[in-house]
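Reckoned from all heavy atoms, side chains included, excluding hydrogens, waters and symmetry mates. Both ligands and their constituent atoms are indexed starting at 1 by order of listing. One is the number of the first residue; the rest follow in order along the sequence.
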Amino acid sequence: MKKIFPLAIILLCMKLVTFGQADNAPKFAATITTQDLKKHLTIIAGDEMEGRETGTEGQRKAAAYIETQFKSFGLQQADQLKGYQQLYPLYQDSLISSELIIDGKTVESGKDFYSQATISETGKFKGKKIIFVGYGIDDSSYSDYTGLEVKGKIVVFFLGEPKKDGKYIISGTGRGSAWSFPGTGKKLAAAAAKGAIGALIINPNQPTFTTTTIESNKKSNVYYPRSTNGKMINHAILSHSFAGTIFTNNFDSLLKTVKAGQPLDKNWAFEKKVKVSFDYNKFRTTINASNVIGIIEGTDKKDEFVFLTSHYDHLGKRNGVIYYGADDDGSGTCAVIEMAEAFAQAKAAGVGPRRTVVFMTVSGEEKGLWGSEYYSDHPVFPLDKTSVDLNTDMVGRIDTERQTADTLNYVYVIGHDKLSSDLPVINEGVNKKYTNLVFDYKYDDPKDQNRIYFRSDHYNFARKGVPILFFYDGMLKADYHKPTDTVDKITWELYEKRVKMIFHTAWEIANRDEMLKRDIPLTEGTR
Ligand SMILES: [Zn+2]
């Protein structure tokens with residue numbers, strides 16, 4: 001009996017790794033200070049970084065700053081990379097020329113048709129037949145293609161989608177489906193899949209083209225080369241008056257039907273012999289964006305990894321106004337910088353982590369999680385040896401819903417019930433021991449409309465099976481994605497406490513005997 005008692009205590013203590021050695025974590029957590037966080041955030045969310053929009057000079061300056069910090073702490077670069085930055089390509093397209101010839105006559109560019117640098121691929125198409133395909137939709141609940149053979153022909157269709165009783169037929173709601181947005185690309189891909197060779201498109205709400213429309217379409221936004229639609233065919237957009245000349249049915253009453261959002265039945269169908277030739281050229285510029293990566297190499301488990309991530313990009317500058325993104329996600333970026341310093345000091349003191357800790361600030365988040373998507377598709381370290389990703393996006397402020405003092409000691413934790421049952425045990429354990437924040441799991445409710453788990457960088461780890469926790473301060477409705485998300489609004493004491501809690505969680509996961517078990521399948525839950 002006497003021998004069992006100490007054993008029980010031993011088992012209890014083994015829950016946290018501090019058993020058998022001094023608990024070094026608090027000493028290094030103490031290096032995470034408001035003063036340091038403020039110093040870094042004032043620069044990251046300062047004028048010089050110009051809002052850190054991905055693909056701009058501001059983003060590159062922020063990357064350089066983070067890299068300099070990592071180096072100064074003594075972090076190593078990943079062997080597989082040439083430096084501290086994992087570069088990934090972005091594209092921007094500019095229209096050079098487009099020419100449309102119908103029945104031997106050159107159609108007047110800018111008046112009767114125009115072309116978009118987005119979507120169209122450089123190339124030509126030549127055909128002898130046009131065929132009207134209504135809205136150009138091919139969905140399980142509604143198809144404009146039923147009974148039509150479009151192979152080798154040029155399809156003609158309207159943008160938009162039909163409604164019934166005020167609701168869109170496909171989405172069943174007051175909002176259009178993916179056939180409305182992104183719309184054109186999806187329709188061009190559907191036509192390509194059916195063998196059409198080109199498309200002439202009519203926007204029901206755009207009878208003629210303004211100079212602004214034509215000019216703004218000559219250059220695409222910077223984009224991530226990802227083809228969600230599949231192969232697309234080339235297209236030109238027609239003015240209403242010109243479209244009227246090639247339609248055989250009554251174009252004006254057809255247009256009325258489309259504007260009313262009515263489905264188009266076979267009475268509107270037509271197919272016609274018309275010689276169409278389209279020649280389109282664009283120029284593609286490649287712009288490099290980056291994820292900044294620094295590591296603290298582990299000791300006896302250095303081939304296993306613990307990730308601390310955040311996004312360092314924000315919305316940039318619009319009409320001369322800087323979107324500072326102090327909380328979003330300057331706060332997470334500086335949290336990663338401070339945690340890197342803390343782990344580096346532990347390593348220098350001879351008590352570095354057992355697993356390799358990877359500090360990664362990504363870009364492209366605000367544009368569509370580009371940097372984390374690129375990383376998870378081109379991982380520098382094996383994802384099956386990556387124990388966890390602890391992602392931090394907005395941890396420096398207070399929720400709109402919480403304004404009274406007794407509710408302010410909180411953080412939203414997302415992902416605690418997904419992928420690994422170890423997550424809440426460890427995270428709550430260290431919090432209870434060191435920081436005593438209130439964890440709010442409301443965003444993990446499967447009924448929550450925000451679906452935050454699926455909407456930020458950590459999801460790119462989760463979709464590959466890596467357990468994640470995401471730390472977040474809530475929706476700051478008044479300042480979210482506004483120029484007013486500034487450094488002076490940060491709640492420093494709470495911010496510092498949250499970062500310390502994340503540090504302790506990382507420390508524990510980096511030092512325990514086993515990687516996190518992966519015992520819960522990832523499901524989307526009810527939406
Ligand atoms: Zn963010």
Side-chain angles (χ1 to χ4, degrees), residues 37 40-41 43-46 49-56 58-59 62-63 65-66 88 222 224 289-292 307-318 322-339 359-376 389-400 411-415 440 443-444 448-463 468-487 489-491 494-495 498-499 502:
L37 290 167
H40 296 305
L41 191 56
I43 293 164
I44 286 287
M49 303 287 171
E50 295 182 320
R52 314 182 301 280
E53 183 178 7
T54 302
T56 69
Q59 174 244 300
Y65 179 79
I66 299 160
Y88 63 91
V222 173
Y224 185 78
S290 76
N291 300 322
V292 187
F307 268 67
L308 288 162
T309 57
S310 65
H311 72 89
Y312 70 92
D313 67 301
H314 192 58
L315 304 175
K317 215 166 148 179
R318 295 176 184 181
I322 297 174
Y323 286 65
Y324 293 97
D327 194 34
D328 183 10
D329 183 24
S331 64
T333 302
C334 298
V336 170
I337 292 173
E338 273 299 275
M339 291 189 284
F359 303 87
M360 177 164 82
T361 60
V362 301
S363 57
E365 194 271 354
E366 303 286 9
K367 305 279 189 187
L369 316 185
W370 294 344
S372 57
E373 178 172 335
Y374 186 84
Y375 179 83
S376 62
D389 171 42
L390 302 176
N391 187 42
T392 308
D393 188 357
M394 300 166 69
V395 284
R397 289 189 58 177
I398 291 163
D399 199 330
T400 315
V411 67
Y412 292 109
V413 180
I414 293 124
D440 189 330
Y443 290 113
D444 273 336
D448 187 79
Q449 293 291 312
N450 296 293
R451 300 182 70 255
I452 285 175
Y453 189 85
F454 304 96
R455 277 180 37 200
S456 195
D457 292 312
H458 51 263
Y459 181 64
N460 278 318
F461 283 86
R463 74 187 174 101
I468 69 98
L469 283 177
F470 172 42
F471 304 99
Y472 174 55
D473 57 23
M475 300 276 183
L476 301 155
K477 293 183 185 72
D479 296 326
Y480 179 67
H481 284 192
K482 303 262 165 62
T484 50
D485 176 4
T486 47
V487 177
K489 305 217 175 96
I490 298 291
T491 311
L494 181 57
Y495 175 26
R498 287 167 175 162
V499 181
I502 301 163

message: Angle between ring planes, Tyr375 versus Phe307, binned at 30° and 60°: parallel, tilted or perpendicular?
response: tilted
Do you see an N/O/S atom of [X], backbone or side chain, under 2.8 Å from the Zn ion (ligand 1)?
X: Asp393; result: yes
X: His314; result: no
X: Glu365; result: no

Does the side chain of Asn450 pick up a donor-acceptor pair with the side chain of Asp448 at under 3.5 Å? yes
Testing the 3.5 Å rule here: is there a donor-acceptor pair between the side chains of Ser290 and Tyr312? yes
min-distance N/O/S atom, Asp328 vs the Zn ion (ligand 1), resolves to OD1
- Message: Whether Arg318 engages the ring of Tyr323 as a cation-pi pair (distance to the six-membered ring centre under 6.0 angstrom, angle to the ring normal within 45°) should be assessed.
- Response: yes
